[in-house]
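One structure is given below, encoded as structure tokens.
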Amino acid sequence: MLLSKRFPPIKRDSMRKSAVMISGGAAVLFALIVGFGFRSQCGAPRRSSFSLSSIKSHKQVVDVLIIGSGPAGLSAALYTARSRMHTLIIAGDKPGGQLTETTYVENWPGSEKQLGRSIMSSLENQARRFGAEILQDSVVGADFSKWPYTVQTEDGHTINALSVIITTGAHSVTLGIPGEKEYWGRGVAVCAICDAPFYKKKDAIVIGGGDSAIEKALQLAAFARHVTILVRKTSMRAAPVMQERLDKISGKIDVLYNYDVQRIIGDGDQVTGVEVRNNKTGEVKTLETDGVFLAIGHKPNTDLFKGQLPMTPQGHIHVQGRSQATLVPGVFAAGEVEDDVYRQAGVAAGDGIKAGLDAVNFLNEIGLNQQFADELDNRGVYFDAFESEPDALTLLSSMSEFAKHVEGMSKGIAVVDFYAEYCPSCMMMLPIFSSVSKRYSDDVHFFKVDADQAKDIVRYLNVPKVPALLLYKDGKLVAKEMKTMSRQELSQWINSYLAS
Ligand code: NDP
């Protein structure tokens, strides 16, 4: 596919020399010098390895491979694609990242109040408009020891990347207790500053004993009627200075020690309480609440890159100075995968932009220009997986369609995804469902139902909430899941019925 054909004729403006470019260049140079010791240990390529002419004999090449599709990844793509670099984003297990799990966001610069999903969808459209392509797939392996760097995906692609931007984010540590997944986004949350304004005249519980727990309790207390912090030990781990802040607003925040949370309780729609156990006395009781905020730590999603990139003891990817360059030349990182301080979507977007500029600068430095890119394109070197991706989902809009296509199927498996436009977790689930449907299109029929539109189907099946996944075998309902699933979980779920 020709770059020149695919992209509108935009001037390679980001390829022009600018102050930012020069600082990005200096950073890359710094990384090259400082990284020498690391490279000799981990076998990262040396400067002399970046010979573009060797790329002509490769296939499945991209100029910039972005791993992750949150604010950092999509913002990076804006800059690389707009600089006319062939940019491929691998969306990952959570397309759109953590913002798609929240409802309204009030601290995204330039937007007073907007759904997290809508922010991500605007960013995605903007990146696509400049030519960035998004693959609904997940990275399962990466090799940065030789250039071009290679990345393997769950769907079996091997991609050769001239530069890589890692924006895989972080995940909040969760408790894994009953009710937690079920009420996620409906009273169970991690971002207190996002949700605090919705807690006027309501009560909240924060779980954890670190600085984050206190910070979240203080954020909530600015709005909520009452906040309880549940700590599992006899004392908090939080810094004394943070604990002193709690004392200052005593009466509004209580701390209960030695409590383990066993279960999150709800009315089917929203959280109503938690079941706790005192680990000293064994007493079990229920505490009523409107919301549960988890503050039990974060883990960056860096397992894939261990041993290949230097990381902090907490597992964040180490970046150089003010740049987003890792110690491997041409590999950059942005967002929560490298930031353990700010952890805000706006900061991730800004760092993503820096990573995009750094990647463009790196590619310019190794000699990639439009003429060379056109030559690679003419030789069919660039990655192109898109012609093989027709949508395998059928929308069912009426009871008669449902009866005919699903219940009327005398042999085979059908999976139906009930979603609603207003439901962030549903909209996160849909692309996952769509990509899994492509993988199983020979064996399974996939349908989607807009629960807000096709109310007759919802009433007939008594679907209590969305997202809901219903699995039919030979026209009979055999399984139901009322939660979001990752690509892997959904595949395993379907496999278990294909095998039986
Ligand atoms: P921490 O790892 O510091 O604290 C996690 C807390 O969660 C601990 O109290 C831990 O308990 C508790 N916990 C872990 N697992 C469970 C569980 N299964 N059930 C109940 N409780 C559990 O994470 P934080 O996010 O609080 O902080 C991360 C870093 O960020 C720290 O370095 C912190 O200083 C920093 N930070 C700084 C802030 C500031 O300066 N304003 C604000 C927020 C964070 P236990 O103690 O028993 O292990």
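Atoms within a ligand are numbered from 1 in the order they appear, just like the ligands themselves.
Distances from atom 1 (P) of ligand 1 to the heavy atoms of R237, M242, M236 show the closest one on R237. Ranked by closest heavy atom to atom 30 (O) of ligand 1, the top entry among R343, H298, K299, Q314 is R343. Looking at G208, A238, G209, it is G209 that brings a heavy atom closest to atom 9 (O) of ligand 1. For atom 26 (O) of ligand 1, the choice among S212, S235, A239 with the nearest heavy atom turns out to be S212. Comparing I296, L294, D211 against atom 40 (O) of ligand 1, the shortest heavy-atom distance belongs to D211.
Look at E244 and K248 and you find no salt bridge, because none of the NZ, NE, NH1 or NH2 atoms lies under 4.0 Å from a carboxylate O. Using a 4.0 Å cut-off between charged side-chain N and carboxylate O, D203 and R225 make a salt bridge.
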Inset, instruction - Would you sort out whether R343 and D340 count as a salt bridge (Lys or Arg N to Asp or Glu O under 4.0 Å), showing the intermediate values? - result: CA-CA 6 Å; R343 300 198 305 238; D340 64 341; over 6 Å; no
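Of all the heavy atoms of D340, none lies under 4.0 Å from any atom of ligand 1, so neither backbone nor side chain is involved. Under 4.0 angstrom from ligand 1, the non-hydrogen atoms of A295 all belong to its backbone.
By the 4.0 Å heavy-atom criterion, R232 is counted among the residues contacting ligand 1.
Residue-ligand proximity, E215 to ligand 1, at heavy-atom distances under 4.0 Å covers atoms 41 (N), 42 (C), 43 (C). For ligand 1, the atoms sitting less than 4.0 Å from at least one non-hydrogen atom of L175 are 17 (C), 18 (N), 19 (N), numbered in the order shown with element in parentheses.
Under the 3.5 Å distance criterion, the side-chain polar atoms of E338 are left unmatched by any main-chain donor or acceptor of V319. A donor-acceptor contact shorter than 3.5 Å links the side chain of R117 to the backbone of E421.
Within a 4.0 Å radius of atom 43 (C) of ligand 1, the protein contributes at least one heavy atom. Atom 3 (O) of ligand 1 is flagged as protein-proximal [any protein heavy atom, distance under 4.0 Å].
Under a cut-off of 6.0 angstrom, the local environment of NZ in K252 is crowded, with over 12 non-hydrogen atoms contributed by other residues, nucleotides or ligands. Around atom CD of Q152, more than 12 heavy atoms belonging to other residues, nucleotides or ligands sit under 6.0 Å away.
Side-chain atoms of D339 and H316 form no donor-acceptor pair, as typed in the model, at a separation below 3.5 Å.
Looking from atom 23 (O) of ligand 1 to the surrounding protein, the closest heavy atom is G297 CA, 3.9 Å.
At least one N or O atom of G210, backbone or side chain, sits closer than 3.5 Å to an N or O atom of ligand 1.
Contact annotation: the side chain of E275 approaches that of V284 to within less than 4.5 Å [non-hydrogen atoms, C-beta and beyond].
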